[in-house]
Student: 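Before we start, here is the structure in question, set down as structure tokens.
Atom set for the values below is all heavy atoms of this structure, side chains included, hydrogens, waters and symmetry mates excluded. Please read these numbers as outputs of a predicted model, since none were measured by experiment. Nothing fancy with the numbering, it's 1 onward along the sequence.
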Amino acid sequence: MGSFDRASAEATLARLVRENRFTIAVVFPLVGAALFVLSHRGLLPAFLAMNPALVLFGTLVMRLPLVAGLAPLVDRRAGLGLLAVTAYSYAVEYVGVHYGVPYGEFSYQLELGPMVGGVPIGLPVFFLPLVVNSYLLVLLLLPRVSRVRRTLAALAVVLVVDFVLDPAAVGLGFWAYDGGGFYYGVPLSNFAGWVLSGSIAVTLVEWGFDRDALAARLENCEFALDDFVSFVVLWGAMNVYFGNWIAVALAVGLSVGLVRTDRFDFVGVGRERPGRN
């Protein structure tokens with residue numbers, strides 16, 4: 001049995017993503033949004049409505065551009081950083097579910113795949129890319145700022161991401177906060193918790209990856225932020241459905257940032273090279 005050829009596997013994944021950019025970044029989230037709406041309205045058969053396997057599968061597909069974009073840069077240090085964020089995400093979520101710290105008292109209303117101790121096993125698939133995408137967006141938009149400013153800017157983007165995600169997820173019944181909250185059913189404590197979690201996660205990502213190597217990879221990888229595009233499409237659409245107009249405006253703001261990176265034109269044709277007309 002031959003040894004694993006990492007470079008070949010990375011090239012194959014990159015080619016798969018590049019040849020299916022529009023399907024992954026636009027079609028999948030739009031189909032996901034449609035299925036969420038139909039599930040919410042009770043128009044799907046029970047075995048399909050909010051099916052955790054489908055939710056996890058769709059999320060994994062939309063994560064492929066991020067995986068393909070970062071894979072060549074994941075050395076021992078970056079791997080340790082990502083593992084540390086993963087372990088931290090499990091730990092803080094477990095504490096949050098059972099003790100209400102730091103996000104406030106909340107509970108999952110739906111099983112997002114297999115659950116252990118009240119926490120989805122697939123949690124890193126949902127959480128980690130939000131942090132990494134936020135960091136990559138800042139790195140592209142603010143390439144020359146200091147480490148401290150870059151970290152703070154990435155944290156700000158992470159918070160905007162949560163302001164988009166949480167109200168739609170609460171509306172769909174993914175999770176609920178005891179007593180609701182001022183922002184479409186989400187309490188202030190949740191965002192305070194995200195300041196803590198986001199700060200630690202962004203710091204670990206900053207520590208794990210070589211900034212210059214990451215910037216060079218972003219310069220030559222036109223699909224690196226397609227996962228962020230799918231996030232804006234999916235959760236922006238869901239907030240439109242629920243009439244969460246502040247969240248919609250924030251999703252539009254994120255889309256403006258993505259357009260400025262010149263990595264995706266939002267019309268339907270992915271660029272073959274960054275900056276190419």
Student: Apart from Leu83 itself, what residues make up its hydrophobic cluster, given side-chain heavy atom links below 4.5 Å?
Tutor: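 None; Leu83 is a cluster of one.
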Student: Under 4.5 Å between side-chain heavy atoms, counting indirect links through other Ile/Leu/Val/Met/Phe/Trp/Tyr residues: same cluster for Leu142 and Leu140 or not?
Tutor: yes
Student: Between Asp226 and Ile24, is there a side-chain heavy-atom distance shorter than 4.5 Å?
Tutor: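 With C-beta onward as the side chain, the pair stays apart.
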Student: Would one find more than 12 heavy atoms of other residues, nucleotides or ligands at under 6.0 Å from atom CD of Glu111?
Tutor: no
Student: For residues Leu258 and Val248: do they belong to one hydrophobic cluster (side chain heavy atoms under 4.5 Å, members Ile, Leu, Val, Met, Phe, Trp, Tyr)?
Tutor: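 No, it is not one cluster - the side chains of Leu258 and Val248 are not joined through contacts under 4.5 Å.
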Student: Could you point out which residue of Val132, Thr261, Leu254 forms a side-chain contact (heavy atoms from CB on, under 4.5 Å) with Phe228?
Tutor: Leu254
Student: Please report the C-alpha distance between Leu172 and Met50 in whole Å, then the side-chain angles of each, then the deciding distance to 0.1 Å, and finally whether the side-chain contact (heavy atoms from CB on, under 4.5 Å) criterion is met.
Tutor: CA-CA 9 Å; Leu172 287 169; Met50 297 299 183; 3.6 Å; yes
Student: Run the salt-bridge test on Arg18 and Glu222 with the 4.0 Å N-O cut-off and return the result as yes or no.
Tutor: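 Yes, Arg18 and Glu222 are salt-bridged.
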Student: In terms of hydrophobic clusters joined by side-chain contacts under 4.5 Å, are Leu250 and Val256 together?
Tutor: no
Student: Does CZ in Arg149 sit with more than 12 non-hydrogen atoms of other residues, nucleotides or ligands closer than 6.0 Å?
Tutor: no
Student: Backbone N or O of Ile246 within a donor-acceptor pair of the Tyr184 side chain at under 3.5 Å?
Tutor: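 Yes: the side chain of Tyr184 pairs with the backbone of Ile246.
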Student: Assess whether side-chain contact (heavy atoms from CB on, under 4.5 Å) is satisfied between Phe57 and Phe28, documenting all intermediate values.
Tutor: CA-CA 10 Å; Phe57 171 74; Phe28 257 81; 4.0 Å; yes
Student: Any side-chain heavy atom of Ser230 sitting closer than 4.5 Å to one from Asp227?
Tutor: yes
Student: Give a yes or no answer on whether the side chain of Tyr88 reaches the backbone of Ala201 with a donor-acceptor pair at less than 3.5 Å.
Tutor: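 It does not hold such a pair.
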Student: Quick one: are Leu110 and Val55 in side-chain contact, heavy atoms under 4.5 Å?
Tutor: no
Student: Would Arg150 and Arg211 satisfy side-chain contact (heavy atoms from CB on, under 4.5 Å), going step by step from the backbone distance to the final call?
Tutor: CA-CA 11 Å; Arg150 184 168 57 250; Arg211 193 201 66 83; 3.2 Å; yes
Student: Checking Asp166 now: which residues fulfil salt bridge (Lys or Arg N to Asp or Glu O under 4.0 Å) with it, not counting sequence neighbours?
Tutor: none
Student: Distance-only, no hydrogens or angles: does the Arg6 side chain make a donor-acceptor pair with backbone N or O of Ala71 under 3.5 Å?
Tutor: yes
Student: Identify whether Leu152 and Val145 are in the same connected component of the hydrophobic contact network (ILVMFWY, side-chain heavy atoms under 4.5 Å).
Tutor: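 Cluster IDs for Leu152 and Val145 differ.
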Student: With heavy-atom distances below 4.5 Å as the criterion, would you say the side chains of Val240 and Trp245 are in contact?
Tutor: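 Counting from C-beta outward, Val240 and Trp245 do come under 4.5 Å.
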Student: Measure from the side-chain N and O atoms of Asp162 to the backbone N and O of Val158, and report whether any donor-acceptor pair falls under 3.5 Å.
Tutor: no
Student: Between Asn133 and Leu137, is any pair of side-chain heavy atoms under 4.5 Å apart?
Tutor: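 They are not in contact (no side-chain heavy atoms under 4.5 Å apart), so the answer is no.
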Student: If you look only at distance, which donor and acceptor atoms sit under 3.5 Å apart when one is on a side chain in residues 99-106 and the other is two or more places apart or in another chain?
Tutor:
residue	atom	partner	partner atom	Å
Tyr103	OH	Ser197	OG	2.7

Student: Is the side chain of Asn20 donor-acceptor paired with the backbone N or O of Thr23 at a distance under 3.5 Å, no angle test?
Tutor: no
Student: Step by step, work out the side-chain contact (heavy atoms from CB on, under 4.5 Å) result for Tyr90 and Val116.
Tutor: CA-CA 10 Å; Tyr90 280 127; Val116 174; over 6 Å; no
Student: Ignoring hydrogens and angles, write down the donor-acceptor pairs under 3.5 Å from the side chains of residues 232-239, residues two or more places apart or on other chains.
Tutor:
residue	atom	partner	partner atom	Å
Asn239	OD1	Asn244	ND2	3.0
Asn239	ND2	Val164	O	2.8
Asn239	ND2	Trp235	O	2.8

Student: Residues two or more places apart in sequence or in another chain: which of them pass salt bridge (Lys or Arg N to Asp or Glu O under 4.0 Å) with Arg41?
Tutor: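 Arg41 satisfies salt bridge (Lys or Arg N to Asp or Glu O under 4.0 Å) with no residue once adjacent residues are dropped.
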Student: What about Leu30 and Leu43, same hydrophobic cluster or not, with Ile/Leu/Val/Met/Phe/Trp/Tyr joined at side-chain heavy-atom distances under 4.5 Å?
Tutor: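 Hydrophobic grouping puts Leu30 with Leu43.
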Student: Short question: side chain of His98, backbone of Gly118 - any donor-acceptor pair under 3.5 Å?
Tutor: no
Student: Please report, to 0.1 Å, the donor-acceptor pairs under 3.5 Å made by any side chain of residues 31-38, with sequence neighbours excluded.
Tutor:
none

Student: I want to check something: taking the side chain as every heavy atom from C-beta on, are Tyr241 and His40 in contact at a cut-off of under 4.5 Å?
Tutor: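 Touching, per the 4.5 Å side-chain cut-off.
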Student: Taking the six-membered ring for Trp, is the centroid-to-centroid distance between Tyr135 and Phe209 below 6.0 Å?
Tutor: no
Student: Taking the side chain as C-beta and beyond, is there a heavy-atom pair between Pro120 and Tyr108 under 4.5 Å?
Tutor: yes
